Amino acid sequence: MEVLVRVLRGEPAAATLREATRGRHDLLVKVAESGGHLWPWRLHVTDRRLLRRSPCPVWMLAPAQGPGVRVVMAAVDVGPGRAPDLNGRVVRTAASLAGLDAELHVMHAWSIVGEPILASAMTGLSRPRMRSVLAGTRRERRRRLQRLLARETPDRTVRVAMPKGDPVRAIRHEARWREADVVVVGNSRRTGLEALLLGNVAERLVGRVPGSVLAVAPGASDARPTGIAVETHRGRVPAGVTGEAV
């Protein structure tokens with residue numbers, strides 16, 4: 001396989017984003033880094049910028065992850081008003097990674113907005129009515145998930161999970177329990193104050209699931225990834241490989 005090496009000059013995130021945009025790459029691959037000694041649980045600023053601004057899907061590799069892919073998990077949001085096209089890309093990407101040998105898991109974490117108020121003994125619904133609302137919501141989400149899978153993976157065995165609760169916590173739990181090698185999620189592309197307060201789902205998963213995280217961007221191509229591999233440390237060019245400095 002032919003490998004083109006380009007040594008990029010400048011601030012790592014900005015230079016990488018320019019190259020990804022100019023080269024129209026299908027996939028950006030990078031080993032995830034922590035925020036350093038002061039913020040070891042946070043992503044490195046370069047990784048956060050790539051996840052938030054990359055024009056193509058970003059695959060953040062877990063540093064200690066071994067070779068091979070045995071379990072691929074796709075996390076989708078089939079709630080009202082969510083983007084069905086992005087859910088489709090997430091499932092298609094996960095199925096492509098899984099191929100014929102790896103297990104494919106698809107999960108949707110669901111909840112009801114304002115549930116604590118609705119369930120309040122003082123102002124909310126009665127317990128039987130609340131149980132009925134929860135059961136109806138779950139049935140509707142399951143129907144939407146089944147329609148998505150029937151459309152995107154009609155001939156594929158898929159293991160489905162629908163945990164109730166916060167999506168990020170649910171994804172972390174399912175990824176650990178299923179020992180997922182790759183977790184594929186949609187990239188919400190939050191920026192500004194919303195990104196500061198909430199962050200992307202992807203960046204809240206990197207380093208907190210056992211494997212790597214692949215964030216699929218809205219509007220990303222469905223073409224099979226040809227890829228761009230990125231190493232942000234200066235001077236680290238593989239031995240025996242020559243490249244062009246840009």
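Because the structure is a prediction, the values reported are computed rather than measured.
Remark: Ala62 pairs with Gln65 by the side chain to side chain contact (heavy atoms under 4.5 Å, CB included) rule, at least two apart or across chains. Applying the side chain to side chain contact (heavy atoms under 4.5 Å, CB included) criterion to Asn87, with sequence neighbours excluded, gives Val76, Val78, Leu148.
With hydrogens and angles disregarded, a donor-acceptor distance shorter than 3.5 Å links the side chain of Thr93 to the backbone of Arg89. With Asn187 contributing its side chain and Leu51 its backbone, the two residues share a donor-acceptor pair below 3.5 Å. Between the Arg172 side chain and the Arg204 main chain, a donor and an acceptor come within less than 3.5 Å of each other. The backbone N or O of Arg70 sits less than 3.5 Å from a side-chain atom of Asp181, completing a donor-acceptor pair. At least one donor-acceptor pair under 3.5 Å links the side chain of Arg156 to the backbone N or O of Gly99. With hydrogens and angles ignored, the 3.5 Å screen pairs no side-chain donor or acceptor of Ser132 with any backbone N or O of Pro128.
Closest heavy-atom contact between Ala217 and Pro55: CB-O, 4.5 Å. Here the closest heavy-atom approach between residue Ser54 and residue Leu28 is recorded as OG-CD1, 4.2 Å. Across all their heavy atoms, Ala13 and Leu50 have their closest contact at O-CD2, 4.0 Å. Contact between Pro57 and Leu214 at its shortest, heavy atoms only, is CB-CD2, 3.9 Å. Looking at every heavy atom in both residues, Trp110 comes nearest to Thr137 through CE3-CG2, 3.8 Å. Minimum interatomic distance between Pro210 and Ala180 (heavy atoms only, all atoms of both residues): CG-O, 3.8 Å.
At least one side-chain heavy atom of Lys30 sits under 4.5 Å from a side-chain heavy atom of Thr46. Put simply, the side chain of Trp59 reaches to within 4.5 Å of the side chain of Leu97, judged on heavy atoms. By the 4.5 Å heavy-atom criterion applied to side chains, His25 and Glu19 are counted as neighbours. You'll find the side chain of Leu205 reaches within 4.5 Å of the side chain of Val168, heavy atoms only. Under the 4.5 Å side-chain criterion, counting only non-hydrogen atoms from C-beta, His173 is not in contact with Pro163. Inter-residue side-chain proximity for His108 and Arg142 is flagged as unmet; no heavy-atom pair is nearer than 4.5 Å. Between Leu27 and Cys56, the closest side-chain pair of non-hydrogen atoms is not below 4.5 Å. Side-chain contact check for Asp47 versus Val206: every heavy-atom pair is 4.5 Å or farther apart.
No single ILVMFWY cluster, assembled from side-chain heavy atoms under 4.5 Å apart, contains both Met107 and Trp177. A continuous path of Ile, Leu, Val, Met, Phe, Trp and Tyr side chains, each step under 4.5 Å between heavy atoms, connects Val201 with Val209, placing both in one hydrophobic cluster. Put simply, Val71 and Met162 are part of two different groups of oily side chains (I, L, V, M, F, W, Y) that touch within less than 4.5 Å, one to the next.
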For a side chain to side chain contact (heavy atoms under 4.5 Å, CB included) check, start with the C-alpha distance between Val183 and Ser212, then their side-chain angles and the critical distance, and finish with the verdict.
CA-CA 6 Å; Val183 178; Ser212 58; over 6 Å; no
Full working for side chain to side chain contact (heavy atoms under 4.5 Å, CB included) between Arg138 and Lys164
CA-CA 9 Å; Arg138 192 176 191 280; Lys164 183 176 179 294; over 6 Å; no
When you look at Met73 and Arg178, which way does the side chain to side chain contact (heavy atoms under 4.5 Å, CB included) test go after all the steps?
CA-CA 8 Å; Met73 190 178 85; Arg178 297 170 187 271; 4.2 Å; yes
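Among Arg208, Arg52, Arg53, the one residue that satisfies the salt bridge (Lys or Arg N to Asp or Glu O under 4.0 Å) test with Glu203 is Arg52.
Within 6.0 Å of CZ on Arg129 lie no more than 12 heavy atoms contributed by other residues, nucleotides or ligands.
For residues 93-103, the set of pairs meeting the salt bridge (Lys or Arg N to Asp or Glu O under 4.0 Å) definition, not counting sequence neighbours, comprises Glu103-Arg159.
Annotation: the span from Arg151 atom CZ to Arg92 atom CZ amounts to 8.0 Å, rounded to 0.5 Å. In this structure, the separation between CZ on Arg127 and CE on Met130 is 12.0 Å, given to the nearest 0.5 Å. Note that the CG atom of Asp166 and the CD1 atom of Ile171 stand 8.5 Å from one another [nearest 0.5 Å].
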